[in-house]
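A short worksheet on the structure shown next.
Proteins get letters first, then strands, A, B, ... in listed order; numbering begins at 1 in each. Here the structure is a predicted model, which is why all the values come from computation and not from measurement.
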Amino acid sequence: MSVQKPSIPKGTRDFTPAEMVRRNYIFNTVRSVFEIFGYLPIETPAMENLSTLMGKYGEEGDKLLFKILNSGNYLEGIRDPGAGNREPDHESRVTDLASITRHISEKGLRYDLTVPFARFVVQHQNELVFPFKRYQIQPVWRADRPQKGRYREFFQCDVDVVGSPSLLYEVELIQIIDEVFSRLGIQTTTLFNNRKILAGIAEAIGAPEKMNEITVAIDKLDKIGLEKVCLELKEKGLGDSAVTALQPVLLMEGRINDKIVVLEDLFKRSETGMKGIAELKHLVTLLKDLDLRNKWTFDVRLARGLNYYTGTIMEVKANEAAMGSICGGGRYDDLTGIFGLPGVSGVGISFGADRIYDVMNELNRFPETIQHTTRVLFVNFGPEEERFALKVLNELRQEGIPAEIYPDPSKLKKQLEYASRKQIPLAVLIGKDEMESGLLTVKDLESGEQNRLSREEFIRSLKKI
RNA sequence: GUGGUCGUAGCUCAGCUGGUUAGAGCGUCAGAAUGUGGCUCUGAAGGUCGUGGGUUCGAAACCCAUCUUCCACCCCA
């Protein structure tokens with residue numbers, strides 16, 4: 001039997017202690033901000049029933065779901081789809097696969113945390129206090145093709161509130177965004193838009209069913225330019241008059257108020273659009289009163305694919321790094337409706353921990369102080385000394401000071417090197433001399449200084465810091 | 001899912017148009033007066049050249065497939 005090369009699936013990663021310390025720094029920061037805003041944690045299973053997941057993320061989303069094979073010989077009851085057709089052409093085989101999927105797989109890995117949360121709310125509705133504010137920090141999986149900032153397994157940090165349509169929560173979420181990124185030391189811009197405005201635009205130019213195509217095209221304005229956008233819209237079946245009517249939106253610039261004027265003019269023919277504008281104005285008014293440290297603005301081009309959003313949608317970008325959005329979310333008026341609890345409005349956002357990590361790494365924003373864990377290493381000089389050291393070691397641990405002892409009486413050089421490499425700041429040497437005098441030799445590995453201290457003095461000096 | 005790209009020691013890479021025993025730097029390990037790390041010196045170990053086929057007298061170099069990396073599209077955290 002040959003030795004196999006160890007490997008992990010595409011788009012997944014191992015995390016070393018050095019990486020985990022930094023990742024935890026992000027998780028802890030996010031978590032503590034969520035908590036001061038009054039959100040409580042929940043967790044849901046890694047896998048959900050496929051029926052819970054399918055159809056919630058659009059056609060694309062369904063393709064990106066990781067499906068779990070059923071246990072047992074699930075093929076037994078299934079007829080060979082090619083049986084009556086001994087020359088299976090390509091077409092029929094594809095559809096057969098699709099139809100066979102539900103027979104062989106009924107579970108899938110979660111794609112995000114919002115849909116499982118909606119399911120959770122419906123299932124536990126009688127135990128929850130509404131408006132229900134929760135946060136959730138767990139991995140999600142997408143069968144996407146990996147690239148920079150895009151993984152197949154990654155962590156999302158979601159905050160959502162369900163049971164209130166109040167725009168105060170949109171404001172609260174934007175405050176959370178501001179607080180989290182201020183604490184992490186990343187400068188950001190929060191872009192927001194409103195699905196009702198997008199729907200209003202489609203409605204006003206006489207193509208309400210083409211909302212998706214229109215938003216996708218508008219989104220490309222920066223990248224491919226006005227002409228190509230118009231061309232693409234026509235290819236997508238939009239009439240000349242509609243494209244003409246859309247021009248003011250495409251050419252719109254200036255301050256938020258200027259844009260609102262343009263849209264209001266357009267929305268004389270769209271009630272939905274007007275509603276969206278009203279929400280936008282309200283949100284902007286509230287935000288202006290707050291002294292946020294990071295930038296925010298309204299951007300009609302922001303689309304966001306997840307098709308359950310119905311109101312405000314938002315997205316956060318790091319100002320100093322080329323990375324997709326590091327946080328995103330929005331309002332969904334009826335997510336729980338699909339699971340049998342209609343009329344409950346929710347709004348939430350999701351922080352992409354892995355992308356935030358990548359950005360912070362690139363910009364070198366991790367504080368040095370989060371590095372080392374063990375603060376004191378006890379050098380091992382032999383069985384006698386070991387027993388003595390163990391007692392002092394235990395005292396330190398009782399005081400909550402992370403400390404460890406070297407496992408065997410190796411050469412001092414080796415033991416100190418171990419301490420150096422683990423970035424342990426202090427080494428304690430207890431040999432014959434120290435045992436007799438009762439004074440410990442304490443070496444500061446950063447400065448190289450060495451002192452003789454009694455146990456009490458030593459512990460006191462550690463507690464001071 | 002479509003198109004492209006990368007893959008040589010633990011890491012970063014060199015290896016000219018195919019030609020003997022595949023190299024460097026860093027790292028690792030072992031030494032350099034028996035209780036003192038980082039710096040220095042000496043020495044050593046370490047490579048199925050991503051994997052599997054093929055072309056060839058001969059392949060790390062060429063071809064095909066496959067896996068992985070990264071990029072664009074799509075979509076998204």
When you check every protein heavy atom under 4.0 Å of nucleotides 30-40 of chain B, what one-letter string (B, S, -) results, 5' to 3'?
-> SSB--BBBB--

Does a side-chain N or O from Arg145(A) land closer than 4.0 Å to OP1 or OP2 of rU69(B), or not?
-> no

Could you grab the distance from atom CZ of Arg293(A) to atom CD of Gln187(A), nearest 0.5 Å is fine?
-> 12.0 Å

Taking the six-membered ring for Trp, are Phe378(A) and Phe458(A) parallel (under 30°), tilted (30 to 60°) or perpendicular (over 60°)?
-> perpendicular

Taking CD from Gln156(A) and C1' from rA77(B), how many angstroms apart are they, rounded to a whole number?
-> 5 Å

Taking the side chain of Arg421(A) as its heavy atoms from C-beta onward, which of rA72(B), rU28(B), rC76(B) lies nearest to it?
-> rU28(B)

Interatomic spacing from CG in Leu198(A) to CG in Asn212(A) - rounded to 0.5 Å | 9.5 Å

What distance, rounded to whole Å, do you find between the two C1' atoms, one in rC16(B) and one in rA60(B)?
-> 14 Å

Interatomic distance, Gln138(A) CD vs rA77(B) C1' [rounded to whole Å] = 15 Å

Whole angstrom value for the distance that separates P of rC76(B) from CG of Leu302(A) | 11 Å

What nucleic acid atoms does Gly149(A) come within less than 4.0 Å of, heavy atoms only: base, sugar-phosphate, or nothing?
-> base

Integer angstrom distance from the P of rC70(B) to that of rU28(B) | 27 Å

5'-most contact on RNA chain B: Asp144(A) or Pro9(A), nearest heavy atom basis?
-> Pro9(A)

Validation: residues 224-236 of chain A side-chain donor-acceptor distances under 3.5 Å, sequence neighbours left out:
from: Glu232(A); atom 1: OE1; to: Lys220(A); atom 2: NZ; distance (Å): 3.4
from: Glu232(A); atom 1: OE2; to: Lys220(A); atom 2: NZ; distance (Å): 3.1

Whole angstrom value for the distance that separates C1' of rA77(B) from CD of Glu153(A) | 14 Å

Identify all stems in which RNA chain B takes part, counting only runs of at least 3 consecutive pairs (Watson-Crick or G-U wobble, each distance under 3.5 Å), and give each as one range with another, ordered by first number.
-> B:1-4 with B:70-73, B:10-13 with B:23-26, B:28-32 with B:40-44, B:50-54 with B:62-66

Could you tell me whether the side chains of Asp160(A) and Tyr332(A) share a donor-acceptor contact shorter than 3.5 Å?
-> yes

Given atom CG of Leu113(A) and atom C1' of rC76(B), what is their separation to the nearest angstrom?
-> 14 Å

For atom P, what is the distance between rA45(B) and rG31(B), given to the nearest Å?
-> 16 Å

At under 4.0 Å, does any side-chain N or O of Lys63(A) touch on OP1 or OP2 of rC74(B)?
-> no

Given RNA chain B, 5'-ward residue of the pair Phe351(A) and Ile8(A), judged by closest heavy atom | Ile8(A)

Hits for ring pair (Phe, Tyr, Trp, His ring centres under 6.0 Å) against Phe66(A), two or more places apart or cross-chain, chain-then-number order -> none

With rounding to whole Å, what would you report as the distance between rU68(B) and rU5(B) at their C1' atoms?
-> 12 Å

In a check of side-chain contact (heavy atoms from CB on, under 4.5 Å) between Val316(A) and each of Leu191(A), Ile349(A), Asp178(A), Thr188(A), which one passes?
-> Thr188(A)

Quick one: ring-ring contact (aromatic ring centres under 6.0 Å, His included) pairs with a partner in residues 144-180 of chain A, sequence neighbours left out?
-> Phe27(A)-Phe155(A)

Assert yes or no for the condition that the ring centre distance of Phe37(A) to Tyr135(A) is strictly below 6.0 Å.
-> no

Determine the Euclidean distance between corresponding P atoms of rG47(B) and rU36(B); express it in Å to zero decimal places.
-> 35 Å

Compute the ring centroids of Phe15(A) and Tyr357(A), then answer whether they are less than 6.0 Å apart.
-> no

Rounded to the Å, how far apart are Arg301(A) CZ and rC75(B) P?
-> 16 Å

Quantified in whole Å, what is the C1' atom distance between nucleotide rC6(B) and nucleotide rC75(B)?
-> 24 Å

How many Å lie between CD1 on Ile137(A) and C1' on rA77(B), as a whole number?
-> 14 Å

Classify the side chain of Arg355(A) and the base of rC76(B) as holding, or not holding, a donor-acceptor pair under 3.5 Å.
-> yes

Could you tell me whether Lys317(A) contacts a base, only the sugar-phosphate backbone, or nothing, with contacts defined as non-hydrogen atoms closer than 4.0 Å?
-> nothing

What nucleic acid atoms does Tyr151(A) come within less than 4.0 Å of, heavy atoms only: base, sugar-phosphate, or nothing?
-> base

Rounded distance [0.5 Å steps], CG in Asn394(A) versus CG in Leu390(A) | 7.0 Å

For Cys157(A), which contact category applies under a 4.0 Å heavy-atom criterion: base, sugar-phosphate, or nothing?
-> nothing

How would you label the contact of Val359(A) with the nucleic acid (heavy atoms, under 4.0 Å): base, sugar-phosphate, or nothing?
-> nothing

How is Gly329(A) classified with respect to the nucleic acid when contacts are heavy atoms under 4.0 Å: base, sugar-phosphate, or nothing?
-> nothing

C1' gap between rG4(B) and rU21(B), integer Å = 38 Å

With Ser105(A), which residues qualify under side-chain hydrogen bond (donor to acceptor under 3.5 Å, both in side chains), at least two apart?
-> none

Quantified in whole Å, what is the C1' atom distance between nucleotide rU55(B) and nucleotide rC62(B)?
-> 8 Å

Whole Å only: how far is the CZ atom of Arg110(A) from the P atom of rA77(B)?
-> 15 Å

